[in-house]
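Within every chain, numbering begins at 1; the chains are lettered A, B, ... in the order of the sequence lines, protein sequences first and strands thereafter.
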Amino acid sequence: MKQTLIEKLTRALHSLNYPEVKVLVQPPKNPEFGDLSSNLAMLLAPKLKMPPIQIATSIAAFLRENDEDDFIKAVEAVPPGFLNFTVNKNFYTRHLKTILKQARSYGRSAIGKGKKALVEFVSANPTGPLTVGHGRGAILGDTVCNMLKWNGYSIQREYYFNNAGRQMRMLGISVYERYRELLGEKINFPSDGYQGDYIQEIAEKIHAEYGDSLRESPDSPVFRKTAEASIFSNIENSLARLGLRFDSFFNEQQLYDNKAIFDLLDILRDKGLIYEKEGATWFRATAVGREADKVLIKSTGEPTYRLPDMAYHISKFERGFDLIIDVFGADHVDTFPDILAVVKSLGYPQEKMKVLIHQFVTILKDGEQVKMSTRKANFITLDQLTDEVGADVVRYFFIMRGMSTHLNFDLDLARDQSDENPVFYLQYAHARVCNIIKRAEAAGLQVDAESDLSLLQSDIELKLIQRLLEFPEVILMLHDSMEPQQLANYLQTLATVFHKFYATERVITDQLRLTAARLVLTEATRIVLSNGLEILGITAPARM
RNA sequence: GCCCCGGUAGCUCAGUUGGAUAGAGCAACGGACUUCUAAUCCGUAGGUCACAGGUUCGAAUCCUGUCCGGGGUACCA
């Protein structure tokens with residue numbers, strides 16, 4: 001609908017010999033101003049050196065005379081220079097049919113057709129259960145994948161992790177100490193060891209299997225390996241409960257094995273971006289616009305996380321993706337500019353890479369903020385959250401806020417007020433819709449796309465249709481913004497309009513033709529709600 | 001110190017990329033079930049869009065500065 005008008009306006013500009021500008025069309029907030037509105041006369045004014053109202057008037061006149069398909073019912077030029085359009089009602093009803101025809105694919109765009117996207121998210125090392133912080137990244141990443149899929153992309157979901165290095169050594173030691181404790185020995189638990197109960201459980205498992213045979217073997221790989229396997233399966237399970245499944249797990253180790261990190265060092269050295277200082281190997285980040293140089297290899301000979309991280313991102317480019325997306329939390333904001341700098345200086349098309357950063361989740365429990373740390377284990381796990389409020393609510397809460405705002409998650413509120421929860425509002429709208437259709441079918445009425453839709457004339461009906469027709473535009477918008485919460489907001493307003501429609505008009509009446517038309521409208525609503533919920537990864541119940 | 005994110009109704013947050021009279025939900029108050037599901041709907045009340053300048057036809061939105069909150073600034077990840 002919007003697109004139709006944009007095309008018309010563009011043609012008008014051309015015919016009137018006006019310069020090209022970005023034509024923007026929006027539904028005005030105030031219904032008095034019609035269905036759609038454009039500000040382009042005001043954008044043209046400085047270029048043409050003419051008063052905007054005069055330009056608007058001539059565009060309006062042109063459109064009145066050149067509207068072959070009778071799309072525009074009325075067009076007005078209003079000071080200071082807005083163009084307000086009223087769209088012919090039969091245009092709405094005509095398009096309602098296409099929703100039924102396209103059904104489950106209604107809303108899809110082809111903008112990413114034939115393109116491959118790699119989305120990296122979660123990427124938590126297997127040192128403990130996923131926290132709510134990981135959860136936000138997980139749901140955000142997964143939803144972004146769905147959004148891209150609806151825009152035609154083929155998607156690869158990737159989880160990057162490191163099961164070597166200091167963190168994992170500490171994990172092994174922590175398990176070993178708990179194991180010795182089980183053997184009745186006095187232990188000196190490391191101050192920076194992992195203190196969660198899950199360490200205890202892993203130690204018990206090892207004790208059950210190995211008895212006391214590992215008493216004097218602090219370096220036995222059993223501790224670390226058992227912990228890693230146990231924690232990783234726990235992580236995968238937490239993710240699966242929320243409907244997440246990854247296509248690939250990329251282990252940092254392979255960048256050592258295939259020498260990728262050393263190759264990268266050579267290339268950077270050739271470019272003069274590497275130097276040695278105080279026994280360490282440094283990246284000359286200041287030469288590519290960064291504030292400070294960074295250590296890539298410590299004086300101990302061990303690489304920092306930065307080096308494999310860089311090599312990893314180069315592998316993403318080498319694997320031939322058209323779009324590369326990283327999702328991570330605000331605590332990692334400082335890592336990606338270095339990566340971008342490297343990617344850029346090696347000549348890779350950095351514009352293919354997008355970084356989505358989400359701010360922290362703060363959990364309020366019993367009115368108090370829970371400060372979270374994996375090591376100290378005073379966190380709320382993602383599993384606990386899922387237990388308390390369910391997968392749908394978890395998913396919805398994590399994407400209903402913009403990723404750049406700090407998310408306040410009041411546990412007690414989420415639990416106590418679950419009846420007032422916005423996700424139920426959405427799902428309830430869907431269930432209502434389904435129930436109406438079920439009722440109709442029970443009465444022998446089928447949804448028929450060829451019904452006389454011109455009978456849909458009331459304000460609320462037209463408003464509902466208008467909303468439904470916006471859905472494809474929303475999908476496209478998501479492609480540009482990558483903000484899932486825009487979809488959540490759209491679905492909320494759609495649900496509101498439907499609930500209002502439900503409260504004002506009856507669908508099933510003894511007027512057969514009107515009933516048929518309203519059934520089409522109802523079915524179209526079901527389609528859009530169901531498609532939208534699918535993108536959000538939330539179930540669309542037929543009854544509640 | 002420097003960098004990133006935020007500051008909008010009592011609370012949690014939207015605000016379609018600069019548009020016309022700033023919007024929801026919760027909390028408060030008052031209405032609507034003999035109806036296709038009241039997990040809903042209708043109404044009342046609630047605002048110096050942190051503050052001060054600037055840009056222009058027009059600013060919550062853009063630029064500068066200040067204040068407040070969070071994060072980062074490691075030879076941790």
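For Tyr305(A), whose side chain is taken as the heavy atoms from C-beta onward, the closest listed nucleotide among A39(B), A77(B), C75(B) is A77(B).
Across all strands, Ala330(A) comes closer than 4.0 Å only to sugar-phosphate atoms, never to a base (heavy-atom distances). Counting any heavy atom pair closer than 4.0 Å across all strands shown, Glu483(A) reaches no nucleic acid atom. Within the 4.0 angstrom heavy-atom criterion, base atoms lie near Glu278(A). In this structure, Arg543(A) reaches the bases: a heavy-atom distance under 4.0 Å links it to at least one base atom across the strands shown. Within 4.0 Å of Asp331(A), counting heavy atoms only, lies at least one base atom of the nucleic acid. Note on Gly402(A): only backbone sugar-phosphate atoms sit closer than 4.0 angstrom, heavy atoms only; bases stay farther off.
Side-chain contact of Gln427(A) with Thr539(A): a donor-acceptor pair under 3.5 Å is present, judged by distance alone. Judged purely by distance below 3.5 Å, without hydrogens or angles, the side chains of Glu278(A) and Ser299(A) never pair a donor atom with an acceptor atom. In this structure, a donor-acceptor pair under 3.5 Å is present between the side chains of Tyr425(A) and Thr496(A).
With a 4.5 Å cut-off on side-chain heavy atoms, Asp326(A) and Lys354(A) do not count as touching. The closest side-chain heavy-atom distance from Tyr198(A) to Ile231(A) is below 4.5 Å. Taking the side chain as every heavy atom from C-beta outward, Asn163(A) and Phe232(A) never approach each other to under 4.5 Å.
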> Can you give one letter per nucleotide of nucleotides 16-23 of chain B, 5' to 3': B if a protein heavy atom sits under 4.0 Å from the base, S if only from the sugar-phosphate, - if neither?
Replying inline: SB-BBB--
>> Counting primed atoms plus P, OP1 and OP2 as sugar-phosphate and everything else as base, spell out the protein contacts along nucleotides 1-12 of chain B at 4.0 Å heavy-atom distance: B, S or - for each nucleotide, 5' to 3'.
In response: -S--BS-----B
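Pairing partner, C57(B): G19(B), with both Watson-Crick or wobble hydrogen-bond distances short of 3.5 Å.
Whole-Å rounding puts the His332(A) NE2 to C76(B) C1' distance at 10 Å. One can place CG of Asp338(A) at 16 Å from P of G72(B), the figure rounded to the nearest angstrom. One atom, CG of Asp510(A), and another, C1' of C36(B), lie 13 Å apart when rounded to the nearest Å. Between the CZ atom of Phe336(A) and the C1' atom of U73(B) there is a distance of 14 Å, rounded to whole Å. U73(B) atom P lies 9 Å from atom NZ of Lys294(A), rounded to whole Å. As rounded to whole Å, 11 Å separates atom C1' of C75(B) from atom CD1 of Ile297(A). Straight-line distance from the OH atom of Tyr396(A) to the P atom of A39(B): 19 Å, rounded to whole Å. Here the P atom of nucleotide A14(B) and the CD1 atom of Ile399(A) are 12 Å apart, to the nearest Å.
Between Tyr160(A) and Tyr312(A), the distance separating the two ring centers is shorter than 6.0 angstrom.
Interface remark: the Thr300(A) side chain does not form any donor-acceptor pair with the C75(B) base, using a distance-only criterion of under 3.5 Å.
Anti is the glycosidic conformation of C49(B), whose angle departs from 0 by more than 90°. Regarding the sugar-base torsion, U8(B) falls in the anti class, its angle being beyond 90° of 0.
A cation-pi arrangement is absent between Arg432(A) and Phe498(A) under the rule of less than 6.0 angstrom and at most 45 degrees off the ring axis.
Side-chain atoms of Ser451(A) do not come within 3.5 Å of backbone N or O of Val447(A) as any donor-acceptor pair.
Residue Tyr502(A) places none of its side-chain N or O atoms closer than 4.0 Å to OP1 or OP2 of C42(B).
Between Arg432(A) and Gly279(A), the residue whose closest nucleotide on RNA chain B is further toward the 5' end is Arg432(A).
The number of heavy-atom neighbours closer than 6.0 Å to CD of Gln350(A), taken from other residues, nucleotides and ligands shown, is above 12.
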